[in-house]
Amino acid sequence: MAFLDIRTMVFIYVGIRIGQALTLVYLWSTQRNYPPAKDWAIGALMSAGGLFLLALRNLVPAWFSDVLSNALLLPGWMIFDYGIVRAAGKRPSVKLGLALCATAVGSLAWHEFVWPSYPAQVVTQNSVFVIFDLYAAYACLTVSGTRIAVTFRLIATLLILLVMICIWRVAGGVFGMTLTLPPTLPRILLVAASVIISPMIVMLLALQTSQRLQEEINDQARHDALTGAFNRRAFDDFVNREWSRAARHGAPLSVLSLDIDRFKKFNDRHGHQTGDAALVQVSNAARTALRSSDIWCRYGGEEFVAVLPDTTIEQAVEVAERLRASVEKTKIVTPSGLLNVSVSIGVAERSSAQSHWTEVLVASDAALYRAKAAGRNRVVAAENTAPDGPG
């Protein structure tokens, strides 16, 4: 039947791939700051061009339909899949990918003009497809921790389906492993499946881009724009969660209240831009000194708060002293030279007598004021802080 004619199906597939390429070009135009979108657009355009030239086989010279088509198709496939890898948070080796493509194109030209072998061409071309698709699928499957991970797993599933079809295409079309089925069936199945799967992949890539944008918006809403520290909204969420967990399991929980010493005078003397630079440097130094499990927040003005889960007051004092020393050593680059600031820190630990996290924050604030009164640039622990018991 006409609709099973392989050349007709290939041209239909090419038309669909061109439509996908235009869709991805539009996606790239709306997401200029997202490098994977550029990879998808360029890769899809190159692949569509290569497939179109490949569909002209026997209608145009062989060097045009075979060699030039693969010189577009294989790198285009690589760029497209590498875009998926980058979106998954990995850094693919472009040099290695280009070397593989160049080797494959050279092999295809050799088996076209020097030692003609159609099976060798099929194996070479599909091997490249399989390598890049498997690499992209692996990258997708290693994404974790976000809602986007589900989208990446669906993309990986579709890529693995394409890999399986490519393998069957080689097994059936080259080695005759089609049982009693027609020998052209693997090629027809490959094109037919690609017609269905490729648009689904494009749809999922657009969905992933939308999800990433939403996550960025949510992330910006939870961070202080100047210092990058969490803002008070995020702090409330974190401390409520950690407070409930600590109360439920009887685990220690400590809070640090930090204030930049004489910051108003510093701001008035050196200007607001230098003051902003000081806030940024203090925040950067603090994040370096704190542990990955600790929560760092700009609570207001020059005041910062850190929540330290599973940390006793003795341990918290050690962390606070390390933080204070880190800030003291930090140099702030200004037009008038290098400057430095110091911080005072109050430390408090949750106790069973406290019913709400604001009470431990009040205790750490009181310790902070004592640190300032004692001469600043020091760490002071809250008084009468007892380790918590279950309850």
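Remark: Arg298 is not positioned above the aromatic ring of Phe235, lacking an NZ or CZ atom under 6.0 angstrom from the ring centre and at most 45 degrees off the axis. Judged by a 6.0 Å distance limit and a 45° cone about the ring axis, Arg17 is positioned over the six-membered ring of Trp77. With Trp28 as the aromatic partner, Arg32 meets the cation-pi criteria of under 6.0 angstrom to the ring centre and within 45 degrees of the ring axis.
Residues Ile84 and Cys140 have side chains in contact (heavy-atom distance under 4.5 Å, counting atoms from C-beta outward). Side-chain atoms of Leu108 and Leu74, non-hydrogen and from C-beta on, do get closer than 4.5 Å to each other. Annotation: side chain of Val85 is in contact with side chain of Tyr135 (closest heavy-atom distance under 4.5 Å). The shortest side-chain heavy-atom distance between Trp357 and Leu253 does not fall under the 4.5 Å cut-off. The shortest distance between side-chain heavy atoms of Ile332 and Leu338 does not fall below 4.5 Å. The shortest side-chain heavy-atom distance between Tyr299 and Leu361 falls under the 4.5 Å cut-off. The shortest side-chain heavy-atom distance between Phe80 and Leu24 falls under the 4.5 Å cut-off. Proximity of Lys90 to Thr142: side-chain heavy atoms (C-beta onward) are separated by under 4.5 Å at one or more points.
For the residue pair Gln211/Thr151, the side-chain donor-acceptor check at 3.5 Å is satisfied. A side-chain N or O of Ser355 and one of Glu359 form a donor-acceptor pair less than 3.5 Å apart. Using a 3.5 Å distance cut-off with no hydrogens or angles, the side chains of Gln125 and Asn70 do pair a donor with an acceptor.
Phe238 and Phe230 have their aromatic ring centers within a separation under 6.0 angstrom.
Criterion: ILVMFWY side-chain heavy atoms under 4.5 Å apart, direct or through other members. Under it, Ile42 and Tyr26 are not part of a common hydrophobic cluster. Under a hydrophobic clustering in which Ile, Leu, Val, Met, Phe, Trp and Tyr are joined whenever their side-chain heavy atoms come within less than 4.5 Å, directly or via other members, Val255 and Ile313 fall into different clusters. Follow the hydrophobic side-chain contacts under 4.5 Å out from Leu213 and you never reach Val202; the two are in separate clusters. Grouping the Ile, Leu, Val, Met, Phe, Trp and Tyr side chains by contacts below 4.5 angstrom, directly or via other members, places Val14 with Leu22. At a threshold of 4.5 Å between side-chain heavy atoms, the hydrophobic network of Ile, Leu, Val, Met, Phe, Trp and Tyr places Ile295 and Val319 in two separate groups.
Between the Ser283 side chain and the Leu279 main chain, no donor and acceptor come within less than 3.5 Å of each other. Listed for the Ser107 side chain is no donor-acceptor partner under 3.5 Å among the backbone atoms of Ala104. Between the side chain of Thr30 and the backbone N or O of Leu27 there is at least one donor-acceptor pair closer than 3.5 Å. Proximity of a side-chain donor or acceptor of Ser326 to a complementary backbone N or O of Arg324 within less than 3.5 Å is not detected. Put simply, the side chain of Ser210 never gets that close to the backbone of Ala206: no donor and acceptor are under 3.5 Å apart. A donor-acceptor pair under 3.5 Å links the side-chain atoms of Gln315 to the main chain of Thr312, judged by distance alone. Listed for the Thr124 side chain is no donor-acceptor partner under 3.5 Å among the backbone atoms of Gln121. In this structure, Tyr82 contributes its side chain and Ser93 its backbone to a donor-acceptor pair below 3.5 Å.
Heavy atoms of other residues, nucleotides or ligands lying less than 6.0 angstrom from CG of Asn218 number more than 12. Other residues, nucleotides and ligands place no more than 12 heavy atoms under 6.0 Å from the CZ atom of Phe52. Counting non-hydrogen atoms of other residues, nucleotides and ligands closer than 6.0 Å to OH of Tyr138 gives a total of 12 or fewer. Enclosure of atom NE2 in His356 by more than 12 non-hydrogen atoms of other residues, nucleotides or ligands within 6.0 angstrom is indicated. Within 6.0 Å of atom CZ in Phe113, more than 12 heavy atoms from other residues, nucleotides or ligands are found, so the atom counts as buried in its surroundings. Shown here is Arg376, whose CZ atom has more than 12 heavy atoms of other residues, nucleotides or ligands within 6.0 Å.
Look at Asp268 and Lys264 and you find a salt bridge, because one of the NZ, NE, NH1 or NH2 atoms lies within 4.0 Å of a carboxylate O, short of that distance. A salt bridge links Arg291 with Asp294; the closest basic N to acidic carboxylate O contact falls under 4.0 Å. Using a 4.0 Å cut-off between a side-chain N of Lys or Arg and a carboxylate O of Asp or Glu, Glu318 and Arg322 do not qualify as a salt bridge. A salt bridge does not link Asp261 with Arg378: every distance from a Lys NZ or Arg NE/NH1/NH2 to an Asp or Glu carboxylate oxygen is 4.0 Å or more. Using a cutoff of 4.0 Å between basic side-chain nitrogens and carboxylate oxygens, Glu242 and Arg245 are scored as salt-bridged.
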- Walk me through it: do Val282 and Thr330 pass the test side-chain contact (heavy atoms from CB on, under 4.5 Å)? CA-CA 8 Å; Val282 166; Thr330 299; over 6 Å; no
- Audit row: His272, Asn267, side-chain contact (heavy atoms from CB on, under 4.5 Å) steps and yes/no: CA-CA 5 Å; His272 291 291; Asn267 232 357; 3.5 Å; yes
- Task: Evaluate salt bridge (charged side-chain N to carboxylate O under 4.0 Å, His left out) for Asp224 paired with Arg232, printing each intermediate quantity in order.
- Result: CA-CA 9 Å; Asp224 173 58; Arg232 290 188 62 167; over 6 Å; no
- Message: With side-chain contact (heavy atoms from CB on, under 4.5 Å) as the criterion, how do Val343 and Asn377 come out once you've worked through the C-alpha distance, each side chain's angles and the decisive distance to 0.1 Å?
- Response: CA-CA 5 Å; Val343 295; Asn377 191 24; 5.6 Å; no
- Message: Run the side-chain contact (heavy atoms from CB on, under 4.5 Å) test on Asp237 and Arg222 for me, step by step, so that the C-alpha distance in whole Å, both residues' side-chain angles and the decisive distance to 0.1 Å come before the verdict.
- Response: CA-CA 10 Å; Asp237 291 341; Arg222 294 169 64 83; 3.0 Å; yes
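Here the NZ atom belonging to Lys265 is positioned 12.0 Å from the NE2 atom belonging to His270, to the nearest 0.5 angstrom. One finds the CG atom of Asn126 at 10.0 Å from the CG atom of Asp133 (value rounded to the nearest 0.5 Å). Interatomic distance, Asn231 CG to Leu226 CG, rounded to the nearest 0.5 Å: 12.5 Å. Put simply, CH2 on Trp40 and CG on Leu45 are 14.5 Å apart, with the number rounded to the nearest 0.5 Å. The CG atom of Leu159 sits 9.0 Å away from atom CG of Leu141, with the distance rounded to the nearest 0.5 Å. Rounding to the nearest 0.5 angstrom, the gap separating the CD atom in Glu314 from the OG atom in Ser254 is 8.5 Å.
The one candidate from Ile345, Asp259, Leu258, Leu256 that meets the side-chain contact (heavy atoms from CB on, under 4.5 Å) condition with Leu368 is Asp259.
Taking the six-membered ring for Trp and thresholds of 30 and 60 degrees, Phe263 and Phe266 have nearly parallel ring planes, at less than 30 degrees apart.
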